[in-house]
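Since we're looking at a predicted model, the values are computed, not measured. Residue indices begin at 1 and follow the sequence shown.
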Amino acid sequence: MQKTIITVVGKDAVGIIAKVSTYLSDHQVNILDITQTIVDGFFNMMMIVDTSGSELTTAELSRGLDEVGVDAGVTIHAQHEDIFNMMHRI
């Protein structure tokens, strides 16, 4: 299993989850866990996904999600689990 951490942040709008989920599904990326909150009109979502079924590299996935984010009006970051863990070690 190859886990990637995806974060989505921005002003809340209709269809954000749908756009991100559709992109992931189209590229054979399985959503393992998802959490999202909306606070005072601001949308925040974190996903843990399995990219082992996808032909995309993490960099390609990240670039594609950047485009989805522009279309949805949010900022999307995707990082391989190992990089995410190293950046958030105490």
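Remark: Ala18 pairs with no residue by the side-chain contact (heavy atoms from CB on, under 4.5 Å) rule, at least two apart or across chains. Listed by chain and number, the residues in a salt bridge (Lys or Arg N to Asp or Glu O under 4.0 Å) with Asp50 amount to none (sequence neighbours excluded).
The two atoms that bring Ser62 and Ala78 nearest to each other are OG-O, 4.0 Å, heavy atoms only. Contact between Lys19 and Ala72 at its shortest, heavy atoms only, is CD-CB, 3.9 Å. The two residues Gly53 and Gln28 make their nearest non-hydrogen contact at O-CB, 3.4 Å.
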- Message: I'd like to know whether Gln36 forms a side chain to side chain contact (heavy atoms under 4.5 Å, CB included) with Ile16, so could you lay out the CA-CA distance, the side-chain angles of the two residues, the decisive distance to 0.1 Å, and finally the verdict.
- Response: CA-CA 11 Å; Gln36 64 95 27; Ile16 296 170; over 6 Å; no
- Task: Run the numbers on Thr4 and Val29 for side chain to side chain contact (heavy atoms under 4.5 Å, CB included), then give the verdict.
- Result: CA-CA 10 Å; Thr4 298; Val29 175; over 6 Å; no
- Query: For Ile5 and Ile48, what are the C-alpha separation, side-chain angles and deciding distance, and is it a side chain to side chain contact (heavy atoms under 4.5 Å, CB included)?
  - Reply: CA-CA 5 Å; Ile5 311 302; Ile48 301 173; 3.8 Å; yes
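A donor-acceptor contact shorter than 3.5 Å links the side chain of Ser21 to the backbone of Ile17. The backbone N or O of Ser54 lies less than 3.5 Å from no partner atom in the side chain of Thr51, so there is not a single donor-acceptor pair.
In the hydrophobic cluster analysis, where Ile, Leu, Val, Met, Phe, Trp and Tyr join through side-chain heavy atoms closer than 4.5 angstrom, Ile31 is grouped together with Ile76. A continuous path of Ile, Leu, Val, Met, Phe, Trp and Tyr side chains, each step under 4.5 Å between heavy atoms, connects Val68 with Met47, placing both in one hydrophobic cluster. A continuous path of ILVMFWY side-chain contacts below 4.5 Å connects Leu56 to Ile6, so both sit in one hydrophobic cluster. Neither Val20 nor Met46 shares a network with the other; the hydrophobic side chains, linked directly or stepwise wherever heavy atoms of I, L, V, M, F, W or Y lie under 4.5 Å apart, form separate groups for each. Both Ile38 and Met45 belong to a common hydrophobic cluster when Ile, Leu, Val, Met, Phe, Trp and Tyr are linked at side-chain heavy-atom distances under 4.5 angstrom.
Rounding to the nearest 0.5 Å places CG of Asp40 at 7.5 Å from NZ of Lys11.
Note on residues 29-69: no pairs pass ring-ring contact (aromatic ring centres under 6.0 Å, His included), not counting sequence neighbours.
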